[in-house]
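Remember, it's a predicted structure, so these values are computed and weren't measured experimentally. Lettering follows sequence order; numbering is per chain, from 1.
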Amino acid sequence: MNCCDARSTLPLLLDGQLAAGERAAAVDKAMACGLCRAELAAMAQNDAALRRALAAQMAHVPAGYFEDFAPRLMARLDVETLEGESMRTSSGSGPGDATVVTPPPTGGDLGKDVAGKPLSSADEFSGLHEIKALAASAVRRSTERRAESEPGQSSDALIATPAALSSVVLPQPGREVAPPKVRAVSVADADGVPAAALSVPMAAKSSRVGLYVGALGLLVAAGAVGLYVSGAKKSSEAAPAATVALSEPAPAATPPSAPTPTVAPVAAAAPAAEAKPEEARPSEPAGAPAVAVEKASKKDRKPDDEAKAGGAVAAVTRTEKDKPAAKEPAADAKPAGKEAGKDPAAHNEIDDIFGDKPTTAAKPAAPAGPALPEKLGQDDVKKGMASVKARVQACYDEFKVSGTIKLKVKIEVDGTVSSADVVDDKFKATDTGACVSAAVKTAKFPAVSGTSLVVSYPFILQ
Amino acid sequence: MSGDDDVTVERAQRGDREAFAALVRKYQRRVYSTAFHITGNHGDADDVAQDAFIRAFRGLPRFDGQSAFFTWLYRIVVNVALNAVRSRKRNASEPLEAGGPGEHRPTPGIDPARNAEARAEARRVLEALAQLTPSLRVTLVLAAVEEMPYREIAAVMECPEGTVAWRVNQARKLLRQKLADVASAEEIDTDELLRRAKHAAAAP
């Protein structure tokens, strides 16, 4: 190794990058070479000066900075998680949102959601997330109520089977009868037809498959009715009524043909209300899928309530007095606004799902109006914040403190900002923080029909 | 990655925030100092350090353990810091801070004249460092200040080891040119330096 070779290895020597054999040779050569020694000394001097300068720079890190660093970072992670949830969460957790769910929730999808199936990310921002969540809430609520009112009975579909039909006391046309009781029937009694195919909620599916399945269910049901009529020799006038009752869900099976959002669930519930419970109940398979249409519990009915003959058709036009018979399905499926004052627990459940309390009063069942979006999108938030960017920049121009300032901003339904709290410790309780907070409070966003939205939003001050 | 890191990282990957907080506490000083050395001021260094940890947290599920956790984290820090420097175009126009609020605070027990001299030297060095390109600056800081092996620097900078060696050499050369009158402030005992180098542990 000559002198030039030794000089080229000096940086590696200084940085400890040479293997043992190379290192010894390089050191020996450098010891004997004046130029190498001088160069090595110069490099070492520079490195030492660099370390001193950077150490001096580091010595001016604010006191307590490192003690505070991890908690601050973890808090920021929490805030960003909250932000993510806020952006995913529907801003409309209020009663008006329930109008989204016009048909009773369907058994298949909801069963999965209730069972804890995570909603896919594709559902986020599409509105499907909210619909599924709300529907899941409805199913859970109905299941819980059923468990309360009929302990020991698992959730199941209301199925019209020959066995069940044989026990139905068909109402006489034009005659008022006592409200019939509902009895659940095991899916095993469905003559081999899948329970979902016969269940009303499944028939409410809007997909083509749902239509076919619903039609199949109707065929089977109609066949069962025919068998019943011919076999039991019941009143020839009652048979058409029963047919009406059983076939009424068909319109609900295809949402486009459903007359109104509120009619569909009630109509779907009507046949269930016409079923008679006196028949011995076959054992039900464990883990039967939860369905949206609920059995009307005995305690929910008043003995003197009147139900008009004519099944579902009559159910659609039932007065408030009659509603207890079909109360729970209606409570689950119809727009929540109608019962905003009746069932606060229902809203609490919805609130739990959306993680936010409604800040506005209950709205009427009718949609808030086509002009107002249900919630703010990310673009809306960005646009609103962009409108105050100049004011925020003015805060930096005035106080000259650079960095990223993050605020937790609450946007009300009317598009105004009710609070803008500085999250970063660096800017909390500082002039810059107060200035930026005041600036953000002047931001305006599009009004929405839902509820307030909390977002975390950063501004870079420089 | 040390054994401790293996376990802690795995826990953090499973969503254990306390485990991640432990990693933050363990590496926050090194992450911050690297960010500080690259960006040159506390405000940006703080932002970079925070952002780097946030990205690391989000990227944990994709961390496959093929490199050391710290090397992986360092790569994130360097990338975030370089992006910050480039986006703000401060690398060439704005000198690094020679000190924060306490810059003019005398160090207790040290002669005020020496204090002033030390401050002047630090300022010159930082100004010279700020004039290097970001890649040269980062590579030099990692090698000469953080004393990181070239192999690890290559992993962090995602370049060959030979490139690292060239950058370190080039950065030193440029820095020496700029600090011709400053570096002579301290005498280096070359013999002692060489003796230590000879008996140092072998390179990894």
Below 4.5 Å, heavy atoms only, C-beta onward: do [X] and [Y] meet side chain to side chain?
X: B/R29; Y: A/F69; value: no
X: A/M74; Y: B/F20; value: yes
X: A/D15; Y: B/R172; value: yes

Residue by residue, scan residues 72-80 of chain B and write down, ordered by number, those that have a heavy-atom distance under 4.5 Å to chain A; if none do, write 'none'.
none

Main-chain N/O of B/A144 paired with A/R51 side-chain donor or acceptor, under 3.5 Å:
yes

State whether the side chain of B/Q28 and the backbone N or O of A/F66 hold a donor-acceptor pair below 3.5 Å, judged by distance alone.
yes

Nearest heavy-atom contact between B/G43 and A/K426 is CA-NZ, 3.7 Å

Nearest heavy-atom approach of A/L50 to B/V125 is CA-CG1, 3.7 Å

Given heavy-atom pairs under 4.5 angstrom as the criterion, report whether the side chain, backbone, both or neither of B/A49 touches chain A.
both

Does any backbone or side-chain atom of B/V168 lie under 4.5 Å from a heavy atom of chain A? Answer side chain, backbone, both or neither.
side chain

Measure the spacing between [atom1] of [X] and [atom2] of [Y] and express it to the nearest 0.5 Å.
X: A/D78; Y: B/R17; atom1: CG; atom2: CZ; answer: 4.5 Å
X: B/L175; Y: A/N46; atom1: CG; atom2: CG; answer: 5.0 Å
X: A/L12; Y: B/N169; atom1: CG; atom2: CG; answer: 8.0 Å

So the salt bridge (Lys or Arg N to Asp or Glu O under 4.0 Å) pairs with at least one residue in residues 50-63 of chain B (sequence neighbours excluded) are A/R76-B/D51, A/E80-B/R58

Inspect the contact between A/D47 and B/R176 and indicate whether a charged nitrogen and a carboxylate oxygen are less than 4.0 angstrom apart.
no

Using side-chain contact (heavy atoms from CB on, under 4.5 Å) as the criterion, list what pairs up with A/K389, not counting sequence neighbours.
none

Around atom NZ of A/K441, are there more than 12 heavy atoms of other residues, nucleotides or ligands at under 6.0 Å?
yes

Greater than 12 external heavy atoms within 6.0 Å of A/K382's NZ
no

Determine, step by step, whether B/D46 and A/Y65 satisfy the side chain to side chain contact (heavy atoms under 4.5 Å, CB included) criterion, reporting the C-alpha distance in whole Å, the side-chain angles of both residues, the deciding distance to 0.1 Å, and the verdict.
CA-CA 9 Å; B/D46 180 43; A/Y65 172 76; 2.6 Å; yes

Using the disulfide bond (SG atoms under 2.5 Å apart) rule, collect all pairs that involve residues 379-409 of chain A, keeping only residues at least two apart or in two chains.
A/C395-A/C435

